[in-house]
Amino acid sequence: MTTRLIYNPMFTTVEADPDTFDIIHAHLRVTHPGRQHMANFKNRVWDGRIAMMDKRTGRFPSGLLDRVEKKLKSMKIPYEVDRSHDPSLEVNPTGLPGAAQDIIFRAWQRDTVPLLAKAKRGIAQFPEGTGKSLAIWALIEYLQRPRTFILTKAAQLVRQLAKELSKLMGEPVAILQGKGYQIGNITVGTISSTKDYLEAPDVAKALHETELLIVDECKHMAGDSAQAILKACWAPYRFGFDARPFPKGDMLKKALIEGYLGPVVASMTVQDATDKGFNAPVHIHTLWAGDPNDTEIGLEDDFDDVVLRKFILDPEIQEQVVRAVKWFVHRDIPVLVASPYNVEMMEIIVTYLRADGIKVTQVSGKQTGIQQQAIVEDFNAGKIGVLIKTKVLGEGTDMPTAAALINLAVARSDQNVGQGVGRVRRSKARAWVVEFLSARHRFLMRAYRDRLNLYIKDGYTIHDIGDWMELPDDPT
């Protein structure tokens with residue numbers, strides 16, 4: 001018999017002979033990245049893989065249809081896809097918007113928006129600062145403003161995105177957040193707020209009637225709360241945007257996200273973005289504390305707050321931080337200081353910067369989202385020259401005036417490191433990242449090497465350790 005794949009926006013149902021059914025089921029089993037820590041795997045009662053297809057109903061998330069078709073084609077198994085339950089939207093006959101606002105789209109935006117609309121689902125991966133917000137607006141307009149729900153991670157991003165879209169569209173954009181939430185033709189919400197109100201009749205109805213689902217920073221959609229939202233939304237058009245590829249080796253996360261959004265259909269590397277002029281070229285400088293030839297120090301093998309506190313309180317590190325911040329302040333270059341993910345450590349840094357006469361504004365999770373947004377707006381308007389932050393103001397936060405990152409965070413992952421540098425890559429001419437390295441702490445040296453490898457992979461210019469004074473007086 002010919003295998004039949006019955007498609008709808010949420011699930012695809014398989015009708016096939018038993019052998020083909022088993023082939024599809026086996027193909028949609030993915031390895032759990034944490035299997036080695038689970039008792040059933042250790043006791044050899046489970047092979048460590050998760051089935052993405054329900055064997056009882058024959059259903060799998062429709063975003064994995066592309067994988068199934070490729071498998072059937074490779075095995076030369078005849079099949080047909082029934083799309084009679086797949087509604088379509090009309091596209092704008094005039095193409096991309098923007099003429100009235102004198103908006104000039106970048107090539108990737110002009111190419112990707114029609115590509116996504118034609119595919120009806122899929123993920124676009126483009127680095128920070130390349131214009132994803134503008135592409136989201138263009139996609140909504142290209143599909144003639146259908147009922148749209150935009151899901152993102154952080155409350156601060158919800159307000160930022162709603163404000164940008166409202167300005168571009170000339171009409172209010174609803175925000176699903178807090179007790180006074182709103183639902184509109186275009187609605188933006190966080191994962192946590194949307195999950196909190198998932199049982200509310202008006203929210204449930206809005207999600208069910210949504211025609212266009214857009215997920216910003218979609219790599220966060222593998223958690224239980226996000227998956228519950230994606231399952232509740234039956235939008236026929238489903239897209240994800242992200243700045244970075246999925247983590248290598250985490251095939252389960254990739255399958256869960258692609259299952260409800262679709263495969264990656266367009267992407268660009270950081271190096272490509274820089275080469276095309278979308279991002280500023282990034283220069284990495286490293287300032288050193290301690291004697292790199294001293295073999296009697298650097299005994300800490302693990303990271304904890306004690307090690308971090310020693311690092312932040314190191315007089316040589318403090319001296320280098322003040323020196324670097326002043327270099328930018330004297331040249332009127334807006335500076336973003338990334339402190340370790342700890343408010344206490346941030347307060348220490350603020351104290352010694354202010355003791356040296358440097359005016360610095362701080363932002364952390366202790367402030368409300370509205371307060372954080374106001375600080376960002378003041379920074380972007382040039383009212384704040386030095387802004388120090390903890391882990392807030394990360395993914396997606398638009399800070400186009402920031403040109404220098406004083407990095408005291410100890411991030412090691414591709415995601416965290418990339419998002420940190422992403423705040424300053426939006427500058428026009430040149431971006432600086434200043435790292436601080438201490439021979440006294442082995443863990444921090446390892447973390448630094450991990451970051452350095454990521455910087456090299458992204459094509460940044462790496463300067464020799466300690467060559468800070470070789471920078472030209474003209475910062476451009």
Is it the case that the side chain of [X] and the backbone of [Y] share a donor-acceptor pair, with hydrogens and angles ignored and the cut-off at 3.5 Å?
X: Asp82; Y: Ser84; result: yes
X: Arg67; Y: Pro263; result: no
X: Arg35; Y: His32; result: yes
X: Gln109; Y: Leu134; result: no
X: Tyr460; Y: Leu452; result: no
X: Arg59; Y: Met10; result: no
X: Thr286; Y: Glu435; result: no
X: Arg159; Y: Gln373; result: no
X: Thr187; Y: Phe149; result: no
X: Ser166; Y: Lys163; result: no

May I ask you to check whether over 12 heavy atoms, not counting those of [X], lie within 6.0 Å of atom [atom1]?
X: Asp224; atom1: CG; result: no
X: Lys195; atom1: NZ; result: no
X: Gln36; atom1: CD; result: yes

Could you check if a side-chain atom of [X] sits within less than 4.5 angstrom of a side-chain atom of [Y], using non-hydrogen atoms only?
X: Lys120; Y: Asp86; result: yes
X: Met53; Y: Phe21; result: yes
X: Ile183; Y: Val203; result: yes
X: Val363; Y: Gln371; result: no
X: Leu5; Y: Val14; result: yes
X: Asp450; Y: Leu454; result: no
X: Ile50; Y: Leu256; result: no
X: Met221; Y: Ile191; result: yes

Worked verdict on Val215 versus Ile257 for side-chain contact (heavy atoms from CB on, under 4.5 Å): CA-CA 10 Å; Val215 181; Ile257 296 171; over 6 Å; no
[X] [atom1] to [Y] [atom2] distance, which is reported to the nearest 0.5 Å:
X: Asn92; Y: Ile140; atom1: CG; atom2: CD1; result: 13.0 Å
X: Tyr237; Y: Leu116; atom1: OH; atom2: CG; result: 11.5 Å
X: Ile6; Y: Glu15; atom1: CD1; atom2: CD; result: 3.5 Å
X: Ser339; Y: Glu344; atom1: OG; atom2: CD; result: 11.0 Å
X: Leu261; Y: Leu230; atom1: CG; atom2: CG; result: 5.5 Å
X: Phe246; Y: Met251; atom1: CZ; atom2: CE; result: 10.0 Å

Side chain to side chain contact (heavy atoms under 4.5 Å, CB included) partners of Ile23, counting only residues at least two apart: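 Here the qualifying residues are Lys71, Met75, Ile77.
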Aromatic ring pairing Phe11/Tyr260, orientation class (parallel under 30°, perpendicular over 60°, tilted between):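 Aromatic pair Phe11/Tyr260 classed perpendicular.
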Plane angle bin for His283 and His285 - parallel if under 30°, tilted between 30 and 60°, otherwise perpendicular: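 The arrangement is parallel - the two ring planes meet at less than 30°.
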So which heavy atom on [X] is nearest to which on [Y], and how close?
X: Ile214; Y: Leu139; value: CD1-CD2, 4.3 Å
X: Leu157; Y: Thr152; value: CD1-OG1, 3.7 Å
X: Ala235; Y: Pro9; value: O-CB, 3.6 Å
X: Gln125; Y: Ile123; value: CG-CG2, 4.0 Å
X: Val265; Y: Leu115; value: O-CD2, 3.6 Å
X: Trp108; Y: Ala135; value: CH2-CB, 3.7 Å

Polar side chain donor-acceptor pair, Tyr79 to Thr20, under 3.5 angstrom: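 Result is no, nothing qualifies.
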Arg121 with Asp66: basic N within carboxylate O range, under 4.0 Å: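 Result for this pair is no, no salt bridge flagged.
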Short N-O contact, Lys219 and Glu217, less than 4.0 angstrom: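 Answer for the salt bridge query: yes.
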Derivation of the side-chain contact (heavy atoms from CB on, under 4.5 Å) call for Gln177 and Val188: CA-CA 9 Å; Gln177 187 178 347; Val188 187; over 6 Å; no
Residue pair Lys132, Asp216: steps toward the salt bridge (charged side-chain N to carboxylate O under 4.0 Å, His left out) verdict: CA-CA 9 Å; Lys132 292 189 293 296; Asp216 192 24; 5.9 Å; no
Identified side chain to side chain contact (heavy atoms under 4.5 Å, CB included) counterpart of Tyr181 within the set Thr194, Ile175, Asp202, Asp196: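 When Thr194, Ile175, Asp202, Asp196 are each tested with Tyr181, the side chain to side chain contact (heavy atoms under 4.5 Å, CB included) holds only for Asp202.
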Test log, rule side-chain contact (heavy atoms from CB on, under 4.5 Å), inputs Val282 and Tyr455: CA-CA 9 Å; Val282 178; Tyr455 294 149; over 6 Å; no
Working for side-chain contact (heavy atoms from CB on, under 4.5 Å), residues Gln160 and Glu164: CA-CA 6 Å; Gln160 175 182 296; Glu164 290 175 356; 3.7 Å; yes
